[in-house]
2 protein chains.
Amino acid sequence: MRGLDDTDREIVRLLLADSRRPFSDIAEEVGLSAPAVSDRVDRLREMGVVRGFTLDLDRSLLRSGVPVLLEIDAEPGRATAVRDALAGADAVEHVFRTADGRVTATATVPQTEVTELLDTHVDLADVDGYEVRLVADSEWSPGLGTAEFAPECAECGNTVDEEGERTVLDGDTYYFCCGSCESRFVERYESLKEGA
Amino acid sequence: MRGLDDTDREIVRLLLADSRRPFSDIAEEVGLSAPAVSDRVDRLREMGVVRGFTLDLDRSLLRSGVPVLLEIDAEPGRATAVRDALAGADAVEHVFRTADGRVTATATVPQTEVTELLDTHVDLADVDGYEVRLVADSEWSPGLGTAEFAPECAECGNTVDEEGERTVLDGDTYYFCCGSCESRFVERYESLKEGA
DNA sequence: CCTGAAAACAACAGTAA
DNA sequence: TTACTGTTGTTTTCAGG
């Protein structure tokens with residue numbers, strides 16, 4: 001399995017700054033041909049590193065309600081359930097789940113109808129307590145740093161290095177640290193699918 | 001001053017889902033010609049609603065350190081200073097300032113060297129206290145809802161409606177609720193500039 | 001990963017509503 | 001001011017090496 005090289009990182013950095021920049025332009029910048037850049041971008045999308053091309057919007061200019069920051073302390077083991085419930089809500093933009101079982105989310109709600117948002121989307125039995133703060137402003141600086149490509153093994157959770165494997169199952173990409181983790185996962189996946 | 005109509009919203013929605021989608025394609029979707037879409041996108045950028053075209057990256061696949069969530073309680077009146085200091089740091093991706101004087105930020109730091117990040121970028125005299133949480137996972141669902149274009153008046157802070165004005169000063173766009181707010185602001189701006 | 005050709009696209013001008 | 005048509009130069013994509 002191949003990771004990211006410096007050229008990949010440079011391409012990502014350039015597209016992060018302007019995703020509509022012509023590949024031919026980027027090609028010149030990184031010393032490649034346009035088709036080569038196109039191929040690399042395709043690969044990055046397949047790898048799942050690049051999820052898509054999108055816009056950076058200034059939401060402070062758009063009024064569709066009141067922007068709020070939600071801090072929810074989930075009941076033990078229910079943080080991922082709360083995260084999923086929130087992520088499914090239209091009004092919610094960001095969801096961060098932290099290791100201490102808290103879910104922090106940003107949303108824009110009609111008035112201060114946050115209670116309603118929680119009520120309709122989140123099972124309140126999952127929630128230990130929560131706080132709501134009004135967002136005054138927010139910034140986003142998409143950067144890359146010296147990022148390495150290092151997914152987690154879908155089977156054992158270890159970091160996957162260059163020796164790892166990649167498998168696409170029903171359109172989703174999974175990474176594995178070794179062949180045995182891969183076959184174990186695929187086997188389990190197949191039998192679960194058969195049962196369903 | 002013109003706001004956003006349904007066509008603008010539809011264009012933004014389509015570009016949000018795929019910012020590399022050809023304008024000709026979008027044109028067909030919204031029932032306009034390609035140059036008309038191009039004009040509208042230019043206008044949206046001028047208005048500041050669209051800040052730019054970028055990528056949606058899956059940072060969980062990229063290891064460049066430990067992702068953390070920072071919660072900083074700023075000293076009274078120092079929240080914007082803390083926000084600016086953090087936003088300027090390379091490792092910081094999101095910064096949310098809430099009305100209660102708290103700054104919540106996400107960052108990816110080499111190890112758990114968060115203290116260093118705060119030390120080098122933020123004036124500790126501005127900070128009353130802070131907490132650090134390890135981010136387990138995060139999601140982003142860029143959506144638009146039924147957003148209205150409604151910036152704040154740069155002079156009085158009121159919401160600017162269709163009757164408002166727009167002025168570009170040294171490349172920055174400012175919105176005003178009325179002509180008198182505008183002239184007051186511009187006058188002050190000019191005299192400040194002259195003094196400097 | 002390259003080159004070269006064909007198709008698709010964006011940008012510009014001029015014009016009409 | 002906004003959008004349309006037609007033209008031009010780029011850009012993307014595809015084939016073959």
Side-chain angles (χ1 to χ4, degrees), chain A residues 1-47 49-57 61-62 149 162 166, chain B residues 1-56 147-151 160-168 171 173-179 182:
Chain A
M1 194 190 64
R2 264 217 24 220
L4 301 183
D5 61 16
D6 288 340
T7 306
D8 288 321
R9 273 188 284 272
E10 188 59 22
I11 290 172
V12 169
R13 203 165 291 130
L14 292 169
L15 286 175
L16 218 37
D18 178 9
S19 64
R20 269 191 96 87
R21 190 160 180 189
F23 290 168
S24 52
D25 218 58
I26 295 171
E28 204 173 328
E29 196 90 24
V30 302
L32 246 56
S33 70
V37 171
S38 174
D39 285 350
R40 276 177 185 257
V41 172
D42 284 348
R43 212 179 309 143
L44 288 164
R45 298 203 67 170
E46 263 184 57
M47 287 166 86
V49 173
V50 172
R51 279 197 286 232
F53 305 99
T54 188
L55 291 182
D56 178 12
L57 289 185
L61 294 177
L62 299 169
F149 180 63
E162 309 281 308
R166 180 164 71 91
Chain B
M1 194 192 62
R2 264 214 30 217
L4 300 183
D5 62 15
D6 288 340
T7 306
D8 288 321
R9 273 188 283 273
E10 188 58 23
I11 291 172
V12 169
R13 220 181 309 269
L14 292 169
L15 286 175
L16 218 37
D18 177 11
S19 64
R20 263 191 105 84
R21 192 162 179 187
F23 288 168
S24 50
D25 218 58
I26 294 171
E28 204 174 330
E29 197 88 24
V30 300
L32 246 55
S33 69
V37 172
S38 174
D39 284 350
R40 276 177 182 258
V41 172
D42 285 348
R43 220 176 300 145
L44 287 163
R45 298 203 67 171
E46 263 182 54
M47 288 166 86
V49 173
V50 172
R51 278 197 286 233
F53 305 99
T54 188
L55 291 183
D56 177 13
E148 290 286 322
F149 181 62
V160 177
D161 63 12
E162 309 281 307
E163 305 294 308
E165 302 286 341
R166 179 164 69 92
T167 306
V168 178
T173 304
Y174 300 92
Y175 292 93
F176 304 96
C177 61
C178 59
E182 180 182 16

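A quick note: this is a predicted structure, and the numbers were derived from the prediction, not measured. Here is how names work: the chains are called A, B, and so on, in the same order as the sequence lines, proteins then strands, and each is numbered from 1.
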Of the nucleotides dC14(D), dT12(D), dA10(C), which one has an atom closest to the side chain of Phe23(B)? dA10(C)
Can you see if the side chain of Ser33(A) gets near the phosphate of dT3(C) - specifically, an N or O under 4.0 Å from OP1 or OP2? no
Could you check whether Arg20(A) makes a cation-pi contact with Phe23(B), meaning its NZ or CZ is under 6.0 Å from the centre of the six-membered ring and within 45° of the ring axis? yes
Considering heavy-atom distances to DNA chain D, does Arg21(A) or Ala36(B) have its closest nucleotide positioned more toward the 5' end? Ala36(B)
Are OP1 or OP2 of dC1(C) and a side-chain N or O of Arg40(A) less than 4.0 angstrom apart? yes
Side chain to side chain, Leu44(A) and Leu15(A), heavy atoms closer than 4.5 Å: no
Round to a whole Å and report the spacing from CG of Asp25(B) to P of dT13(D). 13 Å
Side-chain heavy-atom pair Val37(A), Glu29(A) within 4.5 angstrom cut-off: no
From the list dA11(C), dA10(C), dC2(C), which nucleotide is the closest neighbour of the side chain of Pro22(B)? dA10(C)
Choose from dC1(C), dC4(D), dA11(C) the nucleotide whose nearest atom is closest to any side-chain atom of Arg43(A). dC1(C)
dA11(C) phosphate, OP1 or OP2, under 4.0 Å from Ser38(B) side-chain N/O: yes
Is Arg20(A) close enough to dT11(D) that one of its side-chain N or O atoms is under 4.0 Å from OP1 or OP2 there? no
Rounded to whole Å, the CG-P distance (Asp39(B) to dT1(D)) equals 12 Å
Whole-Å distance separating the CD1 atom of Ile26(A) from the C1' atom of dT10(D): 15 Å
Asp8(B) side chain near Val49(B) side chain, heavy-atom distance below 4.5 Å: no
What's the CG-P distance between Leu15(B) and dA10(C), to the nearest Å? 10 Å
Report yes if some heavy atom in the side chain of Val41(B) is under 4.5 Å from a heavy atom in the side chain of Ile11(B); otherwise report no. yes
Rounding to an integer number of Å, can you tell me how far Leu32(B) CG sits from dT2(D) P? 12 Å
Please determine whether a side-chain nitrogen or oxygen atom of Ser24(A) lies at a distance below 4.0 Å from atom OP1 or OP2 of dT10(D). no
